[in-house]
Every structure is written in C-alpha cells, then in structure tokens.
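Working notes for the structure below.
Position 1 is the first residue of the sequence; numbering continues from there. Keep in mind the model is a prediction, meaning the values are calculated, not measured. Both backbone and side-chain heavy atoms feed into the values below; hydrogens, waters and symmetry mates do not.
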Amino acid sequence: MSKRFLTVGSLLRNEELLKYKREIEGREDITYPFYDDLEGYKECEDKSVAEIVEKQLDHGLVQVTDGEYSKSLWHLDFVWGLDGCERFINKTGYFFREKDSDEKFETRKDIGIKITGKISGKNHVFIEHFKRLKDLVDGRAEVKQCIPSPSHIYGDFVNSNVIADSTYKDNDSFEADLKQAYKDFLDDFKKVGGKIIQFDDCLWEQFAKENKENQYDNNQTDLDKDLALAQKYIDINNELIDYGHELGLTVYTHNCRGNYSSRNFSDGTYESIADLFFKNLKYDRFYLEWDDERAGSVKALEAFNNRDDVEIVLGFLSSKTNTLDDEKRAFNLLEEASKIIDKDRLYLSHQCGFASCDCGNELTEEEQWAKIDQGHRIAEEFWGE
C-alpha cells in the first residue's frame with residue numbers, strides 16, 4: 001500500500017445507515033443532528049463509523065475520515081450545526097447535468113436554509129464526531145475533518161438570497177459573524193486534538209470562462225464584478241486559513257465541479273482560475289480533479305511554481321464510475337505533472353469522494369474498494385513507495 005495514495009473523504013454508506021438517511025431527507029419535523037428524533041439512528045451511525053474506519057485501515061489508507069457517515073450532504077450538515085441556522089425542504093433541489101442527455105438531474109430537496117438568529121460555531125456537533133473518529137483510529141493513521149470552506153457558505157448564502165431574507169442587515173455583518181463562527185469551531189477542534197482541517201472549496205468554476213452552467217444568476221460578462229467577488233472569497237478563506245495556522249493546524253482544500261449520483265455540475269478549466277485559486281489561497285494542500293477533459297491541461301499546475309511549501313493531490317482517477325480507471329492515462333498524467341511540480345510534492349487520488357451526499361455515486365461498495373486498491377497500486381508503481 002502506498003502513502004502517496006489518498007482519498008478525498010466520503011465513502012459509500014451501508015444500507016442499514018441509508019435507511020435512516022432516506023427518512024431524514026424527506027422530513028422537516030426533525031431537528032439536526034436528528035439523534036433524538038430517530039430511534040436507533042445514533043447507535044447505527046456509531047457502529048457504521050467504526051466499521052468504515054477499520055475498512056479504511058485494512059485498505060492501507062494513511063489518512064482517514066469517518067467516511068462522512070455523519071453527514072447527509074457534504075456542506076449543509078455543517079451549516080445545520082451552526083446556531084442560528086435552520087434547514088427546511090425546498091421547492092426544488094440543486095440541478096445537475098444528466099449523464100446521457102440534455103435533461104437536468106434534480107437532487108434531494110432538503111437544501112433550504114434560513115437564518116433564525118445570530119450565527120455561532122460554538123459547541124458544534126462535528127466536534128463530537130471528530131472525537132469519535134480520533135478515538136476509533138487511536139493513532140493508527142492520521143485523521144482529518146472535512147467542512148465546507150467559509151467562502152463557499154458565504155457565496156452560497158449571498159447568491160441564494162439567504163442573507164437578504166434574514167435578520168442580518170447587510171452582507172458585511174453576516175460575513176463578520178460567519179468568520180467568527182469558523183474561528184470558534186477551529187478553536188474547539190484544536191482543543192480536542194484536531195490537527196488537519198479540510199475546507200471543501202467548490203465555487204471557483206463560477207469564475208471560469210468555459211462554465212456555461214453557473215449555479216447563480218450573476219453576470220459572467222461583468223469582469224470587474226466577478227473579480228471583486230473572487231477577491232472577497234480569497235480574503236474570507238485566507239483569514240480563516242491564517243487563523244488555523246496560528247492555532248497550529250494544517251489546512252487542506254478540495255475543489256470539484258459537482259459530484260452527485262455520478263453526475264457533474266459544471267465546466268471550467270483550472271487554467272481559467274489558476275491565478276485566483278492556486279496563486280492566492282494559502283492552503284497547505286490542494287485536492288484537485290482531473291478525471292476528465294473539463295479540468296483542462298495539467299499545465300495549470302505551473303501556477304504553483306513559486307509555492308514550494310504547497311502539496312498537490314492529483315485527482316486523476318474517477319469516483320463516478322463503477323469500473324477501474326485507465327492506468328495508462330493516469331501514469332501519463334502523473335509523468336506530465338511531475339515535470340512541472342517536484343514529485344515529492346505530489347499525491348494521487350480520485351477526483352472527489354465516493355458519496356458527497358448520502359445517495360452516493362453509482363457503484364457498489366466492492367467496486368469502490370477495488371478502485372481504492374487500484375489507486376494504491378498506481379501510486380506505489382509511480383513513486384516506488
């Protein structure tokens with residue numbers, strides 16, 4: 001097994017846990033984290049997390065998560081756990097691109113968020129989730145906690161009019177409280193022994209010139225407006241990254257273009273956003289995706305040339321398919337990337353997790369582990385370790 005192969009974070013849920021998750025998806029009369037509303041749910045989650053930790057260790061992963069079994073969606077559970085935020089079932093879900101047609105694919109609908117008061121990140125249930133994970137791993141591997149980037153939540157709330165419909169008078173006051181909520185969470189994370197935090201940071205294709213599937217209605221032709229918003233995202237993230245570094249935390253990021261039931265959300269090459277995303281954000285490690293042509297050329301990695309302290313995880317493999325990946329393609333891309341970035345700063349992964357949301361991608365657990373084992377083999381052959 002290779003220490004150069006990593007996973008983004010999420011793994012397919014087992015059927016026992018999915019029975020509870022499906023019930024959560026359709027109910028508005030329950031309160032996050034739902035343990036008091038669903039008999040047996042907490043016990044099932046505890047058991048399932050313990051099992052997925054052991055499976056990750058059995059398959060040689062040197063860095064593990066709880067499989068994101070404690071989440072329903074990759075980003076919204078963190079928001080649900082903030083004081084002052086409340087979920088509801090929306091009229092529609094998100095709209096992804098159907099795989100084999102021009103039709104839209106609608107996601108689950110429990111994505112509505114309303115702000116009910118001053119938001120706070122203190123006493124977040126994710127801290128308990130992390131403590132459980134840390135105890136289960138018991139020093140046998142590194143552990144990381146994945147949460148949405150602060151800029152992603154800010155952008156989502158601003159562009160979806162969540163703030164406009166709240167008690168906050170303006171975006172600036174919301175931004176200040178959001179950043180403090182993240183700082184409070186990071187304080188608590190550090191206190192319970194957290195060392196690695198991963199900000200999943202997935203709005204950057206909003207600024208890519210090739211992206212025709214923008215989630216929001218802002219004018220993509222207004223370059224000044226776009227650059228001002230991009231700089232806002234950079235400033236928000238960097239303030240929290242700096243704060244994490246002050247606490248002694250290592251801060252990763254993961255970027256993707258949408259991953260729901262093996263569907264994607266948007267286009268946009270890394271070349272289009274490299275000067276914004278790669279050069280300016282102070283992350284210690286970037287998990288990136290190059291599983292298909294949408295990401296463009298790996299030459300975008302040249303933007304990291306003056307950042308020798310940054311590590312890059314190359315998502316050359318696909319978590320969306322149920323077959324093993326093209327190893328020749330992976331090796332060719334690894335060779336190309338290593339001509340740009342020193343080999344010792346590179347890692348290999350799938351482009352995203354296998355289950356960013358509960359439903360998971362369209363493959364079996366057996367196929368998932370086969371793809372993970374393949375990733376180890378490719379990495380071991382390329383790096384020799």
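Atom NZ in Lys279 sits 9.0 Å away from atom CG in Asn305 (nearest 0.5 Å).
Using a 4.0 Å cut-off between a side-chain N of Lys or Arg and a carboxylate O of Asp or Glu, Arg345 and Glu311 do not qualify as a salt bridge. Using a cut-off of 4.0 Å between Lys/Arg side-chain N and Asp/Glu carboxylate O, Lys179 and Glu175 are scored as salt-bridged. With respect to the salt-bridge test (charged N to carboxylate O, under 4.0 angstrom), the residues Asp46 and Arg132 qualify. Of the charged side-chain nitrogens involved, none lies within less than 4.0 Å of a carboxylate oxygen, so that Asp326 and Lys328 do not count as a salt-bridged pair. For Glu239 and Lys183, the salt-bridge test passes: some basic side-chain N is under 4.0 Å from an acidic carboxylate O. A salt bridge links Lys282 with Asp242; the closest basic N to acidic carboxylate O contact falls under 4.0 Å. Residues Lys71 and Asp358 are not paired through a salt bridge, judged by the lack of any N-O separation under 4.0 Å between the basic side chain and the carboxylate. With respect to Asp83 and Lys122, no salt bridge is recorded, no charged nitrogen being found less than 4.0 Å from a carboxylate O.
Applying the side-chain contact (heavy atoms from CB on, under 4.5 Å) test between Ile197 and each of Ile241, Leu247, Ile147 identifies Ile147 as the sole match. Applying side chain to side chain donor-acceptor pair (under 3.5 Å) to Tyr41 and the options Lys19, Glu23, Lys21 leaves one that passes, Lys21.
Side-chain contact annotation: Asn237 with Ser151, donor-acceptor N/O pair under 3.5 Å present. A donor-acceptor contact under 3.5 angstrom links the side chains of His59 and Asp373, judged on distance only. The closest side-chain donor-acceptor pair between Gln231 and Asp235 falls under 3.5 angstrom. With 3.5 Å as the limit, one finds a donor-acceptor pair spanning the side chains of Ser319 and Gln351. Side chain to side chain, Gln198 and Gln145 fail the donor-acceptor criterion of an N or O pair below 3.5 Å. In this model, a donor atom of one side chain and an acceptor atom of the other lie less than 3.5 Å apart for Tyr270 and Asn255. Side-chain contact of Asp284 with His245: a donor-acceptor pair under 3.5 Å is present, judged by distance alone. In summary, the side chains of Ser149 and Asp200 do not present any donor paired with an acceptor at a separation below 3.5 Å, with no hydrogens or angles considered. Asn238 and Tyr243 form no side-chain donor-acceptor contact under 3.5 Å, judged by distance and modelled atom types alone. A donor atom on one side chain and an acceptor atom on the other are found under 3.5 Å apart for Asp177 and Tyr168.
Taking the side chain as every heavy atom from C-beta outward, Ser349 and Glu289 never approach each other to under 4.5 Å. A 4.5 Å side-chain heavy-atom check between Ile111 and Leu76 finds at least one atom pair inside the cut-off. Between Tyr233 and Gln206 the shortest side-chain heavy-atom distance falls below 4.5 Å. Taking 4.5 Å as the limit, every side-chain heavy atom of Tyr283 sits out of range of all side-chain heavy atoms of Phe278. Annotation: side chain of Asn322 is not in contact with side chain of Thr364 (no heavy-atom distance under 4.5 Å).
A cation-pi arrangement is absent between Arg263 and Phe96, since the terminal nitrogen or guanidinium carbon is not both under 6.0 Å from the aromatic centre and inside a 45° cone about the axis. With a 6.0 Å cutoff to the six-membered ring centre and a 45° limit on the axis angle, Arg285 counts as a cation-pi contact of Tyr347.
Between Asp184 and Ser120 the shortest heavy-atom distance is OD2-OG, 4.4 Å. Taking every heavy atom of both residues into account, Thr65 and Gly9 meet most closely at OG1-O, 2.7 Å. In terms of heavy atoms, Thr92 sits closest to Lys109 at C-CG, 3.8 Å.
Outside the 6.0 Å centre-distance limit, the rings of Trp204 and His152 are not counted as a close aromatic pair. Aromatic ring centroids of Phe199 and Tyr252 lie 6.0 Å or more apart.
Heavy atoms of other residues, nucleotides or ligands lying less than 6.0 angstrom from CG of Asn123 number 12 at most. Residue-environment remark: NZ (Lys195) stays at or below the threshold of 12 foreign heavy atoms within 6.0 Å. Other residues, nucleotides and ligands place no more than 12 heavy atoms under 6.0 Å from the NZ atom of Lys47. For CD of Glu103, the number of neighbouring non-hydrogen atoms (other residues, nucleotides, ligands) closer than 6.0 Å is 12 at most. Applying the 6.0 Å contact sphere to CD of Glu366 captures no more than 12 heavy atoms from other residues, nucleotides or ligands. The number of heavy atoms from other shown groups lying within 6.0 Å of NZ (Lys42) is above 12.
In terms of modelled atom types and a separation under 3.5 Å, the side chain of Gln56 and the main chain of Ile52 share a donor-acceptor contact.
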